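Single-structure report; data block below.
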There are 2 protein chains.
Amino acid sequence: MTPLSDPRPSRTTIREVAQHAGVGIKTVSRVVNNEPNVAPATAARVRASIEELRWEPDALAANLRRTTTRTRTIGLLLGSVSNPFAAAIHRAIEDVAAHRDVAVFASSLDDDPAREVAAVEAFVRRKVDGLILTCVAASQAYLRELVPPDMPIVFIDREPAEFAADTVHSDNVEGARMATRHLLGFGHRRLALLIDRREIWTARERERGFLLALDEFGIAPETATILDGLSDHVAAERAVLSVLGAPNAPTAIVSGQNLITVGAVHALRKLGRHRDVALIGFDDLELADLMDPGVSVVAQRPQEIGDVAAARLFASLDAGRRLDPAPIIVPVDLIPRGSGEIRPPSA
Amino acid sequence: MTPLSDPRPSRTTIREVAQHAGVGIKTVSRVVNNEPNVAPATAARVRASIEELRWEPDALAANLRRTTTRTRTIGLLLGSVSNPFAAAIHRAIEDVAAHRDVAVFASSLDDDPAREVAAVEAFVRRKVDGLILTCVAASQAYLRELVPPDMPIVFIDREPAEFAADTVHSDNVEGARMATRHLLGFGHRRLALLIDRREIWTARERERGFLLALDEFGIAPETATILDGLSDHVAAERAVLSVLGAPNAPTAIVSGQNLITVGAVHALRKLGRHRDVALIGFDDLELADLMDPGVSVVAQRPQEIGDVAAARLFASLDAGRRLDPAPIIVPVDLIPRGSGEIRPPSA
DNA sequence: TTGAAAGCGTTACCAT
DNA sequence: ATGGTAACGCTTTCAA
């Protein structure tokens, strides 16, 4: 029977390096950590030994005794890693992190409060240096006992409740308001708003913007149709099909999200009404410009959100403590492409 | 001056638990690790103490001495976390991993060999349990000295060179062949193939499938136009614009990739020829079915790729060693939507 | 400027 | 079935 290969390949240790360089263990430690009080000549000798023995410090062991433990790792919780908006944020954060030799754990929330807590627990257990979170639970108070008090946290896309922390998100209210105003400006008076579940903060914010715009134009909210609870394109398609079949159907639609827009476009196509019912989506879609008519959207800036969130997190990390919570609002851009510039039949 | 908060919040240790339960340290260790030889009564007492003191074992410290170290962490290297194809794979892998309480480090390759090596180094330094990699370097031989010999590795999307390991990817040759055959079947005789840089394995494979189909139909490869080095939609658009302007321009286009398809559609629209030049893309696009004409594609199955890759990785992990390398080929699906069913002018 | 010894929180080994 | 002690690879403390 052949002997099994050693399950624990003997790594070189700091001890061997010290011996090889003819110095004490602590001096090697000083060198690799750039601590002062090492004679240049000694340092050089140590570095040569490290090189020669191809030693790499064991980060895990180092953190065991260190007071200010740094795993050079952060936890990122996204709506879903496969959602294009989230994936773009992810990419931006990764780029900043990679630059600092920090690795990123990525998880998907799936708008499930239980997953939110589980993900944070998993991150904390792995001793990440900081957290960038998308939240959906009714309250984030649980973080106070789950997360070490010094660990920086930045929320993205949605504001937390009962927990003060940095937050980076789009200007949802203004975006929805712009979209709605835009449609009203083209003469529409009967509008529909399609939004996700109201548990989701952005859905509520976008509804707020929608209502503000109606108010500006002196339109009674009752004349508008607001459909909520739409979390995928199938539900959205069904909703649009039914709402357009009703009497006094809306002449324009504001979609509160990515997947809802896709569902709405499907429905309009199916009804053959994509040229006479106006539509503006929230969040951009790839190929939206190549559709006929092009799909007008309020585009978010996911890369900017990621950039800013990462910058905040690393600022706290560099400071060694949570900085004063700052809410950062990233602008959105209304992109007219055709579908949002359709006039109502009567106008 | 207010005292700084203790930077190292004193965690409860196994020692305190042992004392509280009135047992030895090792017995507590036995209980949490489900080792045999603990009396049920003792175990219950220990568990109660753990509960009461809210102790959580320090995974880092545990791994320090453990022979079979498990960080419950894997490293995933993708083309780019923001590419929809890669993001879908990511999601599938995450779902499998989350189920086993394993966290996923995700990084982007950006088709840069240097990033490939750097990412693997970063993963290994953090002592991941396994690797799922997309590769682009000319050889993966470097893995032999960079990665511990027992660490499982699964390649996705592209085959490695000079390194034997599990590989999970689409049937690229057959996919390209199907697409090409499909166009030839509609009567096209002058085809163009647009592919990414030839350093990329999938580009070469898809070219192979393209040429095989031409051969089947007895068409000389010289009559086809093959443009390579197309890595984004801008380059692809430019390429299509120029190739369609040339004499004896192709009547049908096979696009070798996501972004190339987008560029090609843009170009065809710009020329107003989207209804008379046929196009089949490799890899599906969201909204492709809503375009006019719908964009026919050879769709990959990213979720299946992710599922299978994760299954292989965890199989190796469970076995405690790298299993015999198996190449797994995932089928592709030709989805006709209109653009691929356009006939040539003369036919 | 340097290093010996103690300690980090756990698992491995070997008694009992 | 149980526990004492060494050990993991490093940082910290403190004396030299």
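Bear in mind that the values here come from a model prediction, so they are computed numbers and not experimental data. By convention in this document, chain letters (A, B, ...) are assigned in the order of the sequence lines, proteins followed by strands, and residues within each chain are numbered from 1.
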Taking only the side-chain heavy atoms of [X] (C-beta and beyond), determine which of [options] contains the nearest atom.
| X | options | result |
| --- | --- | --- |
| A:E35 | D:dT12, C:dC13, D:dC10 | D:dT12 |
| A:R65 | D:dT11, D:dC8, C:dT2 | D:dT11 |
| A:D58 | D:dC10, D:dT2, C:dG9 | D:dC10 |
| A:T27 | C:dT11, D:dC10, C:dG3 | C:dG3 |
| B:A39 | D:dC10, C:dG9, D:dT2 | D:dT2 |

Provide, to the nearest angstrom, the distance between the [atom1] atom belonging to [X] and the [atom2] atom belonging to [N].
| X | N | atom1 | atom2 | answer |
| --- | --- | --- | --- | --- |
| A:N33 | D:dT13 | CG | P | 14 Å |
| A:K26 | D:dT13 | NZ | P | 9 Å |
| A:R15 | C:dA4 | CZ | P | 12 Å |
| A:N63 | D:dC8 | CG | C1' | 15 Å |
| B:R66 | C:dT11 | CZ | P | 5 Å |
| A:I14 | C:dT2 | CD1 | P | 15 Å |
| A:R30 | D:dT11 | CZ | C1' | 11 Å |
| A:I25 | D:dT12 | CD1 | C1' | 13 Å |

### Message
If only side-chain N and O atoms count, and only distance matters, is there a donor-acceptor pair under 3.5 Å linking B:S108 with A:R91?
### Response
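Present: a donor and an acceptor within the cut-off.
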Within the structure shown, what part of the strands sits under 4.0 Å from [X] by heavy-atom distance: base, sugar-phosphate, or nothing?
| X | answer |
| --- | --- |
| B:P36 | nothing |
| A:N37 | base |
| B:L60 | nothing |

### Message
Which residue in the set A:E121, A:E116, A:E162 passes side chain to side chain donor-acceptor pair (under 3.5 Å) when paired with A:Y142?
### Response
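So the option named by the test is A:E116.
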### Over 12 foreign heavy atoms within 6.0 Å of CD, B:E35
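More than 12 within 6.0 Å, yes.
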### Message
Are more than 12 heavy atoms, taken from residues, nucleotides or ligands other than A:Q303, located less than 6.0 Å from that residue's CD atom?
### Response
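Not buried by this count: 12 neighbours or fewer within 6.0 Å.
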### Query
Side-chain N or O of B:S29 less than 4.0 angstrom from OP1 or OP2 on C:dA12?
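Answer no for this pair, as no side-chain N or O of B:S29 is under 4.0 Å from OP1 or OP2.
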### Query
Taking OP1 and OP2 of D:dC8, is either one under 4.0 Å from a side-chain nitrogen or oxygen of A:T13?
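It does not, given that no N or O in the side chain of A:T13 lies less than 4.0 Å from OP1 or OP2 of D:dC8.
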### Query
How about B:H20 and B:W55: are their ring centres within less than 6.0 Å of each other?
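No - the distance between ring centres of B:H20 and B:W55 does not fall below the 6.0 Å cut-off.
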### Message
Closest-nucleotide mapping onto DNA chain D: is A:E56 or B:V23 further toward the 5' terminus? I mean the 5' end.
### Response
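Residue closer to the 5' terminus by nearest nucleotide: B:V23.
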